[in-house]
Q: 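There's a structure below that I have some questions on.
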Amino acid sequence: MTREDIADVLENIALLLELKGENVFKTRAYRNGAEIARTGDCDIIGLAKENRLAEIDGIGKALQDKIHELVTTGKMDYYEDLRSGFLPTLFDLFEIQGLGPKKIKALYDKLEIDSIESLKRACEDGSISQLSGFGTKTVEKLLAAIELREKFSSLFRLGDVAVLAESLLDAIREHPATLQCCHAGSYRRSKEILHDVDILVATNHPGELTKYFSELEIVEDVIACGSTKASVRLANGLQADLRAVSNKEFPFALQYFSGSKEHNVALRQRSLKKGWSLNEYGFSVKEDAEAPPEIQQEEDIYQALGLQYIPPELRENRGEFEAAEHGEIPKLIELENLRGTFHNHTTASDGRNSLEEMAEAAIDLGLEYLGIADHSKSSFQANGLYPERLLKQIDEIKALNKQWEGSFRLLAGSEVDILKDGSLDFPDDILKQLDYAVASVHNAFTLSEDEMTARIIRAMENPYITMLGHVTGRLLLKREAYAVNIDKIIDCAAETGTIIELNCSPYRLDMDWRHWRKARDKGVLCSINPDAHRVEHLQFLSFGVRLARKGWLRRQDVINTKPLAEVLEFLKIQ
DNA sequence: GCCGTTTTCGGCCCGACTGTTTTCAGTCG
């Protein structure tokens, strides 16, 4: 029994109660309990065993008894009763955009729809249209949502893969027969969306390693396990592949399996011009071609082909060859370059940690400054701040800053909503009291591209707006970006000197890496922001740096590589 | 179902958007 297990049971109870049309506040109590189980600071399992759940705020008598029963017996009668008679596929319906408890209840009661499959059938055969509240538009939207889900079913966000990918590589590294190992594929190239994880190992005992790999504890299913290659599936459905090669082949295999396919096609074409055919095992030399140099490591392959080394993140055949030919591959930003960050939340709005806790966590990470940007009043759902509370927070930040005497500083900002017409949620006389302000769109996502672009540009033109938050509002594998003309936004950022955020929440990674190079070339500065809602989220900075590298960004292109003194000067604050 | 109290009952986050129901219900953030 883990915290996750408890959270899942409570969350499912909340869904089933919603289906039964129970009191929304009762439902909310269970959902709140799930959240506490999943992410609360307390040791919920230990407290449950000791009958001390009453110490947790939000867990009342009913949940205490039920969680205690679940933890000590492994099941909960209330939950078993509630879900008897329903297929587990029913829960999938809640993941379809546009379907909530009321509609799911209607679908279940009237048409016995209890899975995405039966929903799709009912959409296609027209039976859904008989139900009141389900018109043609609704059916269209449901079909689109089902299609989106199918499209994404075998895809994973970088942030959901990173821990697994690292622990797999660690396991391979520990094996005594491993000579060297490395990630390959799209994980190595830091793609934001992945469909598998590739690991390459150099060894003299390949069969031992593939067997060892397929028997690792985190492996759920073995898809294939041969003498040089193993494919497995992990509990979350992610596929992981291991390829074992000799030490001599390793640089070639690493280059080959890192891709991208387009990059490799271009590289092999270059190689052929020299009379060398390139594959995952090495160069094979055509007759009367000169002999290629000795290859010790991946860098040597690029050098042999007359190219500067191309970091894996840039291998998308998007101009990296031209740059490498002319020695113009940039020195890309590294995680160690970051000196601080902006756009973080606290308990004042929808964050989980206090100002002090966020500051301590930032100091522990070695940062010199941390920008606090809680939501503004229009983000009701996020407990956005009204001016009085914001001004009070500014005072609190000033008071806290005294203790660090310049060695660390909290910056007082706001994530101010860009309203539908492009005006801001706070008047200028409030904004000007802040150290900086992030402007973000949080509602009215369905404006036309022209309207949305004009709306955002209007906000950027406000002199008190320092940076633009999550430019497209996308949630990876969950919600498409809203319509916006990125090129116009970049031009406006260049003209107004507005920084553009690289929001490094694993769900966002927005602005997309494909736009950063041109933004950089127009002189637009980037800010790598974790959008942290709790101290652990500061770790998202590493994803931000990976995607900034993928966007060709150098240290000098990112505002938060600047030391504190320079940032204060930049923001014109004391 | 939880919480807090002017203590055992009433409040619990609110507004925008969408589609369809011609006056509002459901979903979402």
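Not measured: the values here are computed from a predicted model. Sequence lines set the chain letters: A, B, ... in the order given, protein chains first and strands last, and positions in each chain run from 1.
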Q: Rounded to whole angstroms, how far apart are CZ on A/Phe380 and P on B/dC13?
A: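 In whole Å, B/dC13 P and A/Phe380 CZ are 13 Å from each other.
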
Q: What contact category does A/Lys66 fall into here, base, sugar-phosphate, or nothing, at under 4.0 angstrom with non-hydrogen atoms?
A: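 Sugar-phosphate: the residue A/Lys66, judged by heavy atoms under 4.0 Å, touches backbone atoms but no base.
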
Q: On DNA chain B, nearest-nucleotide positions of A/Leu131 versus A/His442: which is more 5'?
A: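 Going by which nucleotide is closer to the 5' end, it is A/Leu131.
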
Q: Return each pair, listed once, that meets side-chain hydrogen bond (donor to acceptor under 3.5 Å, both in side chains) where at least one residue sits in residues 492-506 of chain A; pairs must be two or more places apart or across chains.
A: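 Passing the test, one end in residues 492-506 of chain A: A/His343-A/Glu501, A/Thr496-A/Thr498, A/Glu501-A/Asn503, A/Glu501-A/Asn529, A/Asn503-A/Asp531.
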
Q: What residues from residues 25-35 of chain A pass a heavy-atom cutoff of under 4.0 Å to DNA chain B?
A: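 When residues 25-35 of chain A is checked for heavy atoms under 4.0 Å from DNA chain B, the hits, listed by number, are A/Phe25, A/Lys26, A/Arg28, A/Ala29, A/Tyr30.
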
Q: Is the terminal nitrogen or CZ of A/Arg157 (NZ for Lys, CZ for Arg) located under 6.0 angstrom from the six-membered ring centre of A/Phe543 and within 45° of that ring's axis?
A: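 Output no; distance or angle outside limits.
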
Q: Is a donor-acceptor pair below 3.5 Å formed from side chain A/Asn443 to base B/dG15, judging by atom type as modelled?
A: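 Checked by distance alone, the answer is no.
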
Q: Calculate the interatomic distance between A/Leu99 atom CG and B/dC28 atom C1'; express it in whole Å.
A: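 Atom-to-atom, A/Leu99 to B/dC28, this comes out as 13 Å.
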
Q: With A/Glu140, which residues qualify under salt bridge (Lys or Arg N to Asp or Glu O under 4.0 Å), at least two apart?
A: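 Expected list: none.
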
Q: Using a 4.0 Å heavy-atom cut-off, does A/Ser378 contact any base of the nucleic acid, only the sugar-phosphate backbone, or nothing at all?
A: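 Touches nothing.
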
Q: To the nearest 0.5 angstrom, please state how far the CZ atom of A/Phe426 sits from the NZ atom of A/Lys377.
A: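 The CZ atom of A/Phe426 sits 6.0 Å away from the NZ atom of A/Lys377.
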
Q: For A/Leu447 and for A/Thr138, locate the closest nucleotide of DNA chain B by heavy-atom distance; then report the residue assigned to the nucleotide nearer the 5' terminus.
A: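 It is A/Leu447 whose nearest nucleotide is closer to the 5' end.
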
